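Both backbone and side-chain heavy atoms feed into the values below; hydrogens, waters and symmetry mates do not. Source: prediction; values computed, not measured.
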Amino acid sequence: MLAAPDCAGCADSTAGSRSSSPQRRALVAGGLLLALLLPPQANAERRVIHKERSLYRTILVTKDVHRLCMQFSVKREQRNQSCKNLRDPKRILFDYAKLSFGSFLLNPQPRSILVVGLGGGTLPEAYRELLPDAHIDVVEIDQAVVDVAAEYFDYRATSPGAVHVQDARIFGKRASSQPRRYDLIVLDAFNGEYIPEHLMTREYLQETRALLAPGGVLLANTFSISRLYHHERATYASVFGDFIQLRTPASSNSVIMVKNGAVPDAAQLDANQALWQPRLKAYDVDLARVRGAMTTTPDWQLDARVLTDQYSPANLLSTR
C-alpha cells in the first residue's frame with residue numbers, strides 16, 4: 001500500500017524475527033538501535049520490533065500499545081505503509097483505504113480482483129473476507145514484504161488467488177496475453193519514496209486498461225501533495241478520459257477511480273450503497289462519506305505534460 005502521510009493508527013504484535021541466524025539478529029539489533037535513537041517520548045509510545053534491508057528498501061515493523069505498522073524507507077523519512085489495530089483488526093485505519101471502497105458503488109460484485117502492491121495486506125484481506133468467491137491476484141515485487149506481511153500482519157495467500165512476486169509491469173504484460181480480465185484493479189505500489197516511475201506512465205496505464213473487464217473499476221492511490229500531481233492526472237486523462245477523484249481534508253492522499261463503461265446513475269448508486277454499507281460497518285467505512293468525497297471536476301493543470309516511458313522524472317517529486 002502507498003505510504004500514508006496521515007496515518008490514523010495501527011496495532012500490536014509479538015516481537016521476534018523469522019530466524020535466529022547472525023544476520024537476522026543483526027537486523028533486529030539494528031532496529032533496536034534505531035529505536036534507541038528516537039526521542040524518549042517516541043520510544044515510550046513506539047518501538048521497532050523488526051528491521052531488514054531487502055533488495056528494494058528498508059522494511060521496519062513498529063509497535064505501540066494499540067497498533068502495529070509496516071514502514072518503508074529508502075533515502076528520506078520513513079512512512080507508514082500499512083497499519084493494523086489489534087484491538088479491532090478489521091478496522092480500516094488509513095483514510096485513502098476507506099475511500100478505495102468507493103469501487104463498490106460503481107461495481108458492487110467484482111468477481112476478479114488485481115491488487116498491485118501488498119504492504120501488510122489490508123485491502124486484499126478485506127476483499128477476501130467480503131468477497132469469498134472472488135479470485136484475487138496480488139502482485140508484489142519484494143519477497144521480504146510478503147514474508148513480513150505473513151509473519152507480523154497474519155496475511156495468508158490462500159486460494160482463490162495468490163501473491164505473484166514479480167514486477168507489476170511484467171505481470172501485466174503476461175496477463176494481457178491470457179483470457180483473464182479484472183472487475184477491480186487497485187494500483188497501490190510504493191517503493192519507499194513514491195510510486196515507481198515505470199508504474200506511472202501512459203504506456204503502463206494503457207497496458208493496465210487492457211486488463212479491465214467490461215464494467216470494471218480501476219483505483220489508483222496517489223499523493224495530493226506531490227509536484228507530480230498535475231502530471232499524473234494529465235496522464236490518467238490521456239488514457240481514460242474523464243475519471244473520478246476521491247479526496248478528504250483528513251488525508252494527503254487522493255484516490256483516482258475509473259469505470260470501464262458508464263458510471264451508475266443516482267438510483268443505482270443508492271442501491272449499491274444500501275447493499276454494502278451494513279457489511280462495511282465492521283471496517284469503519286462510511287460509504288455516504290466516501291460518496292461525498294467523489295468529484296469529477298478537474299483540479300489540475302490541463303496543459304501538464306503527460307508522463308511516458310521516456311519522460312517520468314523523479315526530480316518532480318517534492319512534497320510541501
For Ser103 versus Met257, what's the shortest heavy-atom pair and its separation?
N-SD, 3.7 Å
Given side chains that start at C-beta, do those of Phe223 and Asn253 come closer than 4.5 Å, heavy atoms only?
yes
Closest contact, heavy atoms only, Phe153 versus Gly120
CB-O, 3.6 Å
Where the side chain of Thr296 meets the backbone of Ile244, is there a donor-acceptor pair that is under 3.5 Å apart?
no
On the ring face of Phe243, is Arg233 found with NZ or CZ under 6.0 Å from the centre and within 45° of the axis?
no
Side-chain touch Val290/Trp276, heavy atoms, less than 4.5 angstrom:
no
Measure from the side-chain N and O atoms of Arg169 to the backbone N and O of His198, and report whether any donor-acceptor pair falls under 3.5 Å.
yes
Check whether any side-chain heavy atom of Val186 lies under 4.5 Å from a side-chain heavy atom of Tyr127, and answer yes or no.
yes
Full working for side-chain contact (heavy atoms from CB on, under 4.5 Å) between Thr122 and Phe94
CA-CA 10 Å; Thr122 301; Phe94 291 154; over 6 Å; no
Charged N-O contact under 4.0 Å between Lys173 and Asp167:
no
Quick one: does Tyr155's side chain get under 4.5 Å of Leu118's, heavy atoms only?
yes
Residue from Val217, Leu275, Val263, Leu287 passing side chain to side chain contact (heavy atoms under 4.5 Å, CB included) with Leu105
Leu287
Lys281: partners by salt bridge (charged side-chain N to carboxylate O under 4.0 Å, His left out), with sequence neighbours left out:
none
So, Ser112 side chain and Asp183 main chain: donor-acceptor pair closer than 3.5 Å or not?
yes
Is any side-chain heavy atom of Glu52 closer than 4.5 Å to a side-chain heavy atom of Val148?
yes
Please name all residues satisfying salt bridge (charged side-chain N to carboxylate O under 4.0 Å, His left out) with Asp270, sequence neighbours left out, ordered by chain then number.
Arg291
Main chain of Val239, side chain of Arg209: is a donor-acceptor contact present, judged purely on distance under 3.5 Å?
yes
Are the side chains of Leu269 and Leu106 in touch, meaning some heavy atoms are under 4.5 Å apart?
yes
Can any side-chain N or O of Glu207 pair as donor or acceptor with the backbone N or O of Gly172 at less than 3.5 Å?
no
Hey, does the side chain of Arg47 reach the backbone of Thr62 with a donor-acceptor pair shorter than 3.5 angstrom?
no
For Val306 and Ala234, which heavy atoms make the closest approach, and how far apart are they?
CG2-O, 3.8 Å
Any side-chain to backbone donor/acceptor pair from Glu193 onto Ser73? Under 3.5 Å, distance only.
no
Using only atom types and a distance under 3.5 Å, with no angle test, would you say the side chain of Glu140 pairs donor to acceptor with the backbone of Asp142?
yes
Decide yes or no for Asp188 and Tyr96: does some side-chain heavy atom of the first lie under 4.5 Å from some side-chain heavy atom of the second?
yes
Do Arg202 side-chain atoms and Tyr236 backbone N/O form a donor-acceptor pair below 3.5 Å?
no
Heavy-atom neighbours of Arg279 CZ exceed 12 at 6.0 Å
yes
Least distance between heavy atoms, Ile136 atom then Pro124 atom:
CD1-O, 4.1 Å
Do Leu131 and Pro110 touch side chain to side chain, with heavy atoms closer than 4.5 Å?
yes
Just by modelled atom types, is the Leu184 backbone N or O under 3.5 Å from a matching donor or acceptor in the Asn107 side chain?
no
What is the distance from atom NE2 of His50 to atom CD1 of Ile59, rounded to the nearest 0.5 Å?
6.5 Å
When every non-hydrogen atom of Gln166 is compared with those of Ile170, the smallest separation belongs to NE2-CG2, 4.0 Å
How close do Ser224 and Tyr229 get, counting heavy atoms only, and between which atoms?
CA-CD1, 3.7 Å
Of all residues at least two apart in sequence or in a different chain, which pass the salt bridge (charged side-chain N to carboxylate O under 4.0 Å, His left out) check with Arg247?
Asp299
His135 side chain to Asp137 side chain, donor-acceptor N/O pair below 3.5 angstrom
yes
Verify the neighbour count for atom CG of Asp242: are there more than 12 heavy atoms of other residues, nucleotides or ligands below 6.0 Å?
no
